[in-house]
Number of protein chains: 2
Amino acid sequence: MEKNTLLTISERTGYSVSTVSRVLSGKAQKYRISQAAVERITQEANQCDYRPNLVAQSLRTQKSQTIGLLVPGIENPFFATLSAIVIELLGARGYHTLVADSGESEQEELNALQMFQSRSVDGIICVPVSSSPELHEKIGRRIPFVLLDRYFKETTLSYICTDNFTGARMATEYLLQKGYRNILAIQGVPASMPSQERVRGFLSAVNSAGARGTVVGDAFSVENGFREAKKAFSRPQHSYDAVFAFSSTILLGTIQALRSLQLKPARDLGVISFDNNGFLDFLDPAITRVEQPLREAGSKAVETLFDIMDARRHSLPEPAPRQLLIQPTLVVRDSC
Amino acid sequence: MEKNTLLTISERTGYSVSTVSRVLSGKAQKYRISQAAVERITQEANQCDYRPNLVAQSLRTQKSQTIGLLVPGIENPFFATLSAIVIELLGARGYHTLVADSGESEQEELNALQMFQSRSVDGIICVPVSSSPELHEKIGRRIPFVLLDRYFKETTLSYICTDNFTGARMATEYLLQKGYRNILAIQGVPASMPSQERVRGFLSAVNSAGARGTVVGDAFSVENGFREAKKAFSRPQHSYDAVFAFSSTILLGTIQALRSLQLKPARDLGVISFDNNGFLDFLDPAITRVEQPLREAGSKAVETLFDIMDARRHSLPEPAPRQLLIQPTLVVRDSC
DNA sequence: AGGTTGTGCGCAATCGTTTGCGCTTGTTTC
DNA sequence: GAAACAAGCGCAAACGATTGCGCACAACCT
């Protein structure tokens, strides 16, 4: 009920608010506060269980011990996992995470980033959905900013992403090497960099092998996977001999569709996926896929962000933007 | 570079900070601000793209448009999914989410809850780890508070949880009915209400059927599932004919262990799981399980929280605590 | 003319911290 | 005995918003 602020402690101890503040924020040394004062004040603070008001602290210091995390769809297991990893890593460094969801909308992304600003977050980790980095770079000038999972072609911002081109190429080449010649790729959000790069990698491999490749789909969702697979494999005269699902959600939808058509991976056609859900090993057959090292990406992103934050804190020269394409790995199982 | 605050707008328009504030927070009517003033001020605000400083706003109003979400382990897919759902639902209501992770530690839980307080969150959704509700109730008096997934036996707080007792009973009875007589249950964190209730339900069913039931394990993790299953089924003289995994993480570990021992669900023993990961349908065999309606729980929790918030906002009498045990459903597949 | 009512706006306190600067004392130095 | 310095602490101005109260003026009524 009764409030505990610097003021009340100040009144109860007879010391000024300034002194109380300095003692309780551990600056007693620096300001040469007497031992007596330190003791009296800490005692009182302990007794009344004083906790600084973080809002007031943020207002005054323009810091908040909080990082803003912006993803385009937290309901997607991929981003849920990625978020979980980032939240965990930030927590380990004593930072809290404010999570926002842009829902693949540029407008929402704008809102969220502005919200982050006006809350004085100390840094931002963002899976961008916009087509141009201007806004991000502008904000990045004031607030340490790292792009994750998606990036911009030309930008001064740091980013940590999977090398989706190479990954898709690897997957496709593996299919080709296994003898599949007419591959259906089901992609995610076409405007997103990962999908585009995967399409590029896919087509590049298919073309240089003189095979046939088709790209369909428009979302990183189970439904999209189901719909597109169903549509493609329902047509009697289709001639696909393999499917490349661009995410594990798409894969699940695809498998559902195949089942409903009595088709089985490996037996009736080749199936390969892009993504890193451990449970792919538990499917029957286990799914061959290109795995993204999600934890590594999250961890590098957090690390990069803190490097920038540290540099700014000590007004050192900004480290050169770290622009990383993490190599995914082909995990061979039994689906093709 | 140039700041935009009420003060700067005030200077540029010639109106006082008060007037600018009232116009920009939509209270022009209420305070009878002239049309001229409203126009001049909104124009200036638009032009300089003014955004209120949410930190200052929070400090003044004690509101933050933010809900604190506390879970005991965001890296666990169950909580990752639950968090994602809650974050999404809160977002839809215009609220942001501050996520904290207690890591199953009471101390961390305490910290997080205090942090929430001192940040003036407008409400808290919490998966508790403490054994007693005192702290939670105390905070609940100041801040709308809802428990999710775990609850306390005697509490005045609202909670939304799965009926774990009934769920476990259902699962076990199904196994018994299928003829299994010696069941190994691998549980999660033993101190947690869900695990305890599931153990109760399990033993209750086993005992009243005169069958044998054993409980082992101590974490909601893949590793725990692997370790316990491996240990149990490695012993040549073991006589278990079925496994009940208390979560899908535990299940995955169990399956790994079984595989390593050349054992297969359904063929060699019965397997049943507690949890709601859609991908259980994609395993071979598909896993029979008790499903918790996660989205429903999240949604009810959010709804309940907002009911409390609304009541307090209008200083209506607090609604009676809503204490809900959601019924899980048995989803029969092919693993037993 | 004097009183009432209404309109449009500003003053200043408040939320709880942080921090630059400077004011007292007391001690040392030459 | 004056100057110089250190030790220990407080004043007051920020940070940027909100809001109760009241002031000034015009319009209206009797």
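Reminder, nothing fancy here: chain letters follow the sequence lines and each chain counts from 1.
Nucleic acid contact class of A:S18 (heavy atoms, under 4.0 Å, all strands): base. Residue-level contact check: A:V55 touches neither bases nor backbone, having no heavy atom under 4.0 Å from any strand. Base contact: B:S21 has a heavy atom under 4.0 Å from a base atom. Backbone-only engagement by A:T61 is indicated by non-hydrogen atom pairs under 4.0 Å involving sugar-phosphate atoms exclusively.
Between D:dT18 and B:Q57, a contact under 4.0 Å exists linking OP1 or OP2 to a side-chain N or O. In terms of phosphate contacts, B:T19 brings a side-chain nitrogen or oxygen within less than 4.0 Å of OP1 or OP2 of C:dG10. For B:S58 and C:dC15, the shortest distance from a side-chain N or O to OP1 or OP2 is not below 4.0 Å. For C:dG10, the OP1/OP2 oxygens have a side-chain nitrogen or oxygen of B:S16 closer than 4.0 Å. In this model, the phosphate group of D:dG16 is not approached by any side-chain N or O of B:Y50 to a distance below 4.0 Å at OP1 or OP2. In terms of phosphate contacts, B:K27 brings a side-chain nitrogen or oxygen within less than 4.0 Å of OP1 or OP2 of D:dT19.
In terms of position on DNA chain C, the residue among B:V20 and B:Q62 whose nearest nucleotide sits closer to the 5' end is B:V20. Taking for each of B:A56 and B:V38 the nucleotide of DNA chain C with the nearest heavy atom, the 5'-most of the two is the partner of B:V38.
A donor-acceptor pair under 3.5 Å links the side-chain atoms of B:T61 to the main chain of B:K63, judged by distance alone.
When rounded to the nearest whole Å, the span between CG of A:L6 and P of D:dA14 equals 19 Å. Remark: P of D:dG16 and NZ of B:K3 are 4 Å apart, rounded to the nearest angstrom. Summarising the geometry, the separation between CD1 on B:I41 and P on C:dG8 is reported as 14 Å, rounded to the nearest angstrom. Atom CD in B:Q65 sits roughly 15 Å away from atom C1' in D:dA17 (whole-Å rounding). Protein atom OH of B:Y31 is 8 Å distant from nucleotide atom C1' of D:dT18, rounded to whole Å. Per the geometry, OH belonging to B:Y15 stands 5 Å off P belonging to C:dC9, to the nearest Å. B:K30 has its NZ atom 16 Å from the C1' atom of C:dG8, to the nearest Å. Taking atom CG of B:L54 as the reference point, atom C1' of D:dC15 lies 14 Å away to the nearest angstrom.
Nearest heavy atom pair, residue A:Y151 against residue A:C161, reads CD2-SG, 3.5 Å.
For residues 308-317 of chain B, the pairs satisfying side-chain hydrogen bond (donor to acceptor under 3.5 Å, both in side chains) are B:D310-B:R313, B:R312-B:E318, with sequence neighbours left out.
A:S34 meets the side chain to side chain contact (heavy atoms under 4.5 Å, CB included) test with A:A36, A:A37; sequence neighbours excluded.
Going from atom CG of A:L324 over to atom CG of A:L147 covers 12.5 Å, rounded to the nearest 0.5 Å.
A donor N or O paired with an acceptor N or O is not found under 3.5 Å between the base of C:dT7 and the side-chain atoms of B:R32.
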